[in-house]
Amino acid sequence: MSARPFSAQDLPDLSGKVIVITGANSGIGFEAARALARASAHVVLACRNLTSAGESAERIRGEHPSAHVEISELDLASLASVRAFADRFTEGHERLDVLINNAGVMALPYKKTADGFEMQFGTNHLGHFALTGLLLPLLEKSAPARVVTVSSIAHQMGTIDFDDLQHEKSYQKWLAYGQSKLANLLFAYELDRRLRKRNVDVRSVACHPGYASTNLQYAAPKMSGSSFGLRMWQSFNGLIAQPAESGALPTLYSAVSDDAQGGDFIGPDGFMGMAGAPKKASSTAKSHDEALAARLWDVSEQLTGVSFG
């Protein structure tokens, strides 16, 4: 890693590269998309809300008229939508250089996906697991390529409860969020191990943004109608959080830096990993448990019906 901190200005010329970013209509996903488009990549904003995605794409084009940006509908809380997106993408594109699994939900009131999964586990982990499996053949064809999976420092409180993966017996929203973010790391590390065994030139890199001010914090209080919760997060974001543009740096570093290797976990270098320049970070021993990762992988294939072959 260079002595000078990495910034969005350090992105290389990405002409000809095709990059998919889930949840790219706002927050760190949007900031990553904007920076990558500025570097001449062809960026696909894969989003549930096409109206918001279209507005974000126009904002990027307004700043960079030559930007190559497209939008495509993707609802990670629906396996049918995931498959439809993958089908459209593979039919319309000859390559995929980077898949950034960014979209996520946090600490929601209990809710299920279209397929009956707990919303946070279903969206944050299972949706991205299925998407990666469906797009992996195109990533391999485009090698060298990368899969970047955005986790969180909240993985530290995560536990994979195979007896109640969908939290139907007991639901605590923060523990459910922690489980989904631990699942992201277990998946990213296990994917790296499997790609290495097959000698495939696709890097699986995990990252986390630290604490960045985005709409992610506001979704749960708005959904539950908590004005106190909304005011609390607004205060936290104003006093503590780094801008979303800074929170996107670990994602960008993971996507393009030669120093970001498969199996790495990239996060901010500041106090408690909350903010700062991207560097290699550490994760819990549980996230490196290979037996746990293999079991989660098998269960995820069964639940999604997507096999990586």
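What you are looking at is a predicted structure, and each value in this text was computed from that prediction instead of being measured. Quick note: residue numbers are just sequence positions, from 1. All values below come from the heavy atoms of this structure, side chains included, with hydrogens, waters and symmetry mates left out.
Between Phe85 and Phe89, the angle of the ring planes stays under 30°, which puts this pair in the parallel group of the 30/60° scheme. Using the six-membered ring where Trp is involved, His42 and His68 have ring planes that are parallel, under 30° apart on the 30 and 60° scheme.
Taking both residues in full, the closest heavy atoms of Ser307 and Glu301 are given as CA-OE2, 3.5 Å, listed atom of the first, atom of the second, then distance. In terms of heavy atoms, Ala67 sits closest to Ala37 at CB-CB, 4.1 Å. What you find for Ala24 and Ala33 is that their closest heavy atoms are CB-CB, 4.3 Å. Contact between Val150 and Asn184 at its shortest, heavy atoms only, is O-OD1, 3.4 Å. A pairwise comparison of heavy atoms in Met119 and Val105 identifies O-CG2, 4.1 Å as the closest pair. The shortest non-hydrogen separation linking Pro250 to Gly247 is CD-O, 3.3 Å.
Counted by atom type alone, Ser52 and Asn25 present one or more donor-acceptor pairs between their side chains at under 3.5 Å. If you check the side chains of Ser180 and Asn124, you find a donor sitting under 3.5 Å from an acceptor. Asp161 and Thr159 share no donor-acceptor pair across their side chains, judged by distance under 3.5 Å alone. Side chains of His93 and Glu70: a donor on one and an acceptor on the other come within 3.5 Å. Side-chain polar atoms of Gln120 and Tyr171 form a donor-acceptor pair below 3.5 angstrom.
Two residues are said to be in side-chain contact when any heavy atoms from C-beta on lie closer than 4.5 Å; Asp10 and Tyr253 fail this criterion. When side chains are defined from C-beta on, Cys47 does not count as touching Ile71, because their heavy atoms never get closer than 4.5 Å. Put simply, the side chain of Ser72 does not reach to within 4.5 Å of the side chain of Leu45, judged on heavy atoms. Taking 4.5 Å as the limit, some side-chain heavy atom of Lys286 sits within range of a side-chain heavy atom of Leu292. The shortest distance between side-chain heavy atoms of Gln261 and Val205 does not fall below 4.5 Å. Counting heavy atoms from C-beta outward, Phe121 and His167 have side chains that stay 4.5 Å or more apart. Tyr177 places a side-chain heavy atom less than 4.5 Å from the side chain of Ser152. Using a 4.5 Å heavy-atom threshold, the side chains of Arg203 and Asp192 count as separate.
Between Lys280 and Asp264 there is a salt bridge, since a side-chain N of the basic residue sits under 4.0 Å from a carboxylate O of the acidic one. A salt bridge links Lys112 with Glu168: the closest approach of a Lys/Arg side-chain nitrogen to an acidic carboxylate oxygen falls below 4.0 angstrom. Using a cut-off of 4.0 Å between Lys/Arg side-chain N and Asp/Glu carboxylate O, Glu63 and Arg34 are scored as salt-bridged. The pair Glu55-Arg59 fails the salt-bridge criterion, with no side-chain N (NZ, NE, NH1 or NH2) lying under 4.0 Å from an Asp/Glu carboxylate O.
With ring centers used as reference points, Phe308 lies under 6.0 Å from Phe129. Between His208 and Phe265, the distance separating the two ring centers is shorter than 6.0 angstrom.
Within the model, atoms CZ of Arg193 and NZ of Lys197 stand 8.0 Å from one another, a figure rounded to the nearest 0.5 Å. A distance of 10.0 Å separates CD of Glu31 from OG of Ser56, quoted to the nearest 0.5 Å. Ser78 contributes atom OG, which lies 9.0 Å from atom CD of Glu73 (distance to the nearest 0.5 angstrom). Atoms OG and CD, from Ser287 and Glu190 in turn, are 12.5 Å apart once rounded to the nearest 0.5 Å. The distance from atom CD1 of Ile28 to atom OG of Ser246, rounded to the nearest 0.5 Å, is 11.5 Å.
Evaluation of the salt bridge (Lys or Arg N to Asp or Glu O under 4.0 Å) test over residues 82-95, restricted to residues two or more places apart or in two chains, returns Arg95-Asp97.
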Exercise. Kindly indicate, with the supporting measurements, whether the criterion side-chain contact (heavy atoms from CB on, under 4.5 Å) is fulfilled by Trp297 and Arg194.
Key: CA-CA 11 Å; Trp297 187 285; Arg194 294 182 181 228; 3.2 Å; yes
Quiz prompt | Check against side-chain contact (heavy atoms from CB on, under 4.5 Å), His128 and Thr22 | solution = CA-CA 9 Å; His128 282 128; Thr22 67; 2.9 Å; yes
Practice problem: Starting from the C-alpha separation in whole Å, work towards a yes-or-no answer on side chain to side chain donor-acceptor pair (under 3.5 Å) for Ser283 and His155. | Solution: CA-CA 8 Å; Ser283 62; His155 83 276; 4.6 Å; no
Practice problem: Could you walk me through whether Val43 and Ile21 pass the side-chain contact (heavy atoms from CB on, under 4.5 Å) test, one step at a time? | Solution: CA-CA 7 Å; Val43 184; Ile21 310 179; 4.0 Å; yes
Quiz item: Could you go step by step and tell me if Tyr189 and His288 meet the ring pair (Phe, Tyr, Trp, His ring centres under 6.0 Å) rule?
Solution: CA-CA 7 Å; Tyr189 293 157; His288 292 284; 4.5 Å; yes
Exercise. Give the intermediate values and the outcome of side-chain contact (heavy atoms from CB on, under 4.5 Å) for residues Leu139 and Val98.
Key: CA-CA 7 Å; Leu139 284 159; Val98 184; over 6 Å; no
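Hydrophobic cluster membership differs between Leu175 and Leu185, with clusters built from Ile, Leu, Val, Met, Phe, Trp and Tyr side chains linked at under 4.5 angstrom. Linking ILVMFWY residues whenever their side-chain heavy atoms come closer than 4.5 Å, directly or via other members, places Ile100 and Val69 in the same cluster.
A side-chain contact (heavy atoms from CB on, under 4.5 Å) with Val202 is found for one member of Leu191, Leu99, Val147 and no other, namely Val147. A side-chain contact (heavy atoms from CB on, under 4.5 Å) with Val82 is found for one member of Thr132, Leu76, Asp115 and no other, namely Leu76.
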